[in-house]
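So the structure is just underneath, and the comments pick up after that.
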2 protein chains.
Amino acid sequence: MTLKKETEEQIFLAAQRVFQKKGFAGARMQEIADEADINKSMLHYYYRSKEKLFLEVFQSSVKKIFPQLVEILSSGDDLETKVKRVVDFYYNTFKKHPTLPSFVIHEMNQHPNRFKEFINSLDVEVPSQFAEQLKSDIEAGRIMPMKPAHFLINIVSLCLMPVIARNMVQTLFSMDDDEFENFLEERKELVPKIIFSGVKR
Amino acid sequence: MTLKKETEEQIFLAAQRVFQKKGFAGARMQEIADEADINKSMLHYYYRSKEKLFLEVFQSSVKKIFPQLVEILSSGDDLETKVKRVVDFYYNTFKKHPTLPSFVIHEMNQHPNRFKEFINSLDVEVPSQFAEQLKSDIEAGRIMPMKPAHFLINIVSLCLMPVIARNMVQTLFSMDDDEFENFLEERKELVPKIIFSGVKR
DNA sequence: GTCTATATAACGATAGAC
DNA sequence: GTCTATCGTTATATAGAC
């Protein structure tokens, strides 16, 4: 008997890497076992099935993206600070887990209803105070008029898309890995500027 | 003998639907055959293997996204017109093919090198004239200062992300399908406004 | 708990009749 | 060109020894 907790954790971490890279359909239990350096039977011993192992990884991945976002939006900060915190949070998270967002999106699109149920079970909701805060910044001319949904989707789009489509960006603009890292760093400053670009003159 | 061309075309269209929805690893030859209402053996008769059928679908999908983009950027239009045309083009394309962008991104991430080679074989390149055009609009204060790569990625991000993450948007903001369609319509106007929001005051 | 061996099912692909 | 039947492989999952 090695330590039970360690083995289970090893499997989970390996599964996370493989699922996030290959997706559920593309992942192989053998590959996860190899990645964890653990016998393939152990995967079933601890998680019963590929499906159950996947679900744990998927739900844990979703939790990395949404609750933190809502937590920042619910804070007492002013809007500009919130936006900067969201941008920072996303770029730091995806630096550690580059394939996390495309994984969540791909699997969410495979099972939309399962995803909806899980999100609802987390009750992550955009705080009602947020809409008023946005309205006041719009009236002050700091942000161009738009609904809260557009505002949030804009931030998320500008942060996530370059990470998801990294290969596209590097190919089209002939960037090597260092240049791409630098590109992302530049966006940390650029994205909040765009979001707070005020009304068109 | 039914018409050869029609059968081959039927298979391709069915494969397009299934691959774009499920991805290569998640797609089943039997499902493509059912979707095309054609015997499974015919898939191999016309396309030899799943891999070859997939490649045709993937390459055709990539061609739907990039060459048109470059064509618009290379035109004689002023920058604001170009942006509006790009936004219109993407929203119209993805209205017809909602799963196209997430499919291309997912498969591109599975085989980055294959993707790069194919893109290079198309020689889709951002026209050199474009950087100068952007510079002149920046100097005129119509756009906040940034490199061409940021400018283009911003447009693509704001257009593609809501389509790719449709289920996320609809879940978080409790939109039904009609409300979501309306949301996209609103963005057709909003995105160019954001892009041309000028310098921060 | 961990391993080897194996059951079982699914899937891509082909052979061969028509 | 189109069909049925089937081969060969691979993948998930389990049985059973240790």
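Any value given below was found using the heavy atoms of this structure, including those in side chains, with hydrogens, waters and symmetry copies removed. Residue numbering restarts at 1 for every chain, and letters A, B, ... go by the order of the sequence lines. Because the structure is predicted, anything quoted here is derived from the model rather than measured.
The side chain of B/Ser49 places no N or O atom within less than 4.0 Å of a non-bridging phosphate oxygen (OP1 or OP2) of C/dG12. A sub-4.0 Å separation between OP1 or OP2 of C/dT14 and a side-chain N or O of B/His44 is absent.
Counting to the nearest Å, the P atom of C/dT2 and the CD atom of A/Glu8 are 11 Å from each other. Computed from coordinates, the B/Tyr46 OH to C/dG12 P distance equals 20 Å when rounded to whole Å. Rounded to whole Å, atom C1' of D/dT14 lies 15 Å from atom NZ of A/Lys52. Rounding to whole angstrom units, CZ of residue A/Arg28 and P of C/dC11 are separated by 11 Å. One can place CG of A/Asn39 at 11 Å from C1' of C/dA5, the figure rounded to the nearest angstrom. In this structure, the CG atom of A/Leu43 is 14 Å from the P atom of D/dA11, given to the nearest Å. Between the CD atom of B/Gln30 and the P atom of D/dT6 there is a distance of 17 Å, given to the nearest Å. Look at CE on B/Met42: it is 13 Å from P on C/dT14, rounded to the nearest Å.
Within 4.0 Å of B/Met29, counting heavy atoms only, lie sugar-phosphate atoms of the nucleic acid but no base atom. Among the heavy atoms of the strands lying under 4.0 Å from A/Ala27 are primed sugar atoms or P, OP1, OP2 only; no base atom is included.
With 3.5 Å as the limit, one finds no donor-acceptor pair spanning the side chains of B/Glu117 and B/Asn113.
Within the 4.5 Å cutoff, no side-chain heavy atoms of A/Asp77 are placed close to those of A/Lys84. At a threshold of 4.5 Å between non-hydrogen side-chain atoms, the residues A/Met168 and B/Val104 do not count as touching. Between B/Phe66 and A/Leu172, some side-chain heavy-atom pair lies under the 4.5 Å cut-off.
The nucleotide whose nearest atom lies closest to any side-chain atom of B/Tyr45 is, among C/dT14, D/dT12, D/dT2, D/dT2. Comparing atom distances between the A/Ser41 side chain and each of D/dA13, D/dT2, C/dC3 picks out C/dC3 as nearest.
At most 12 non-hydrogen atoms from other residues, nucleotides or ligands lie less than 6.0 angstrom from CG of B/Asp37.
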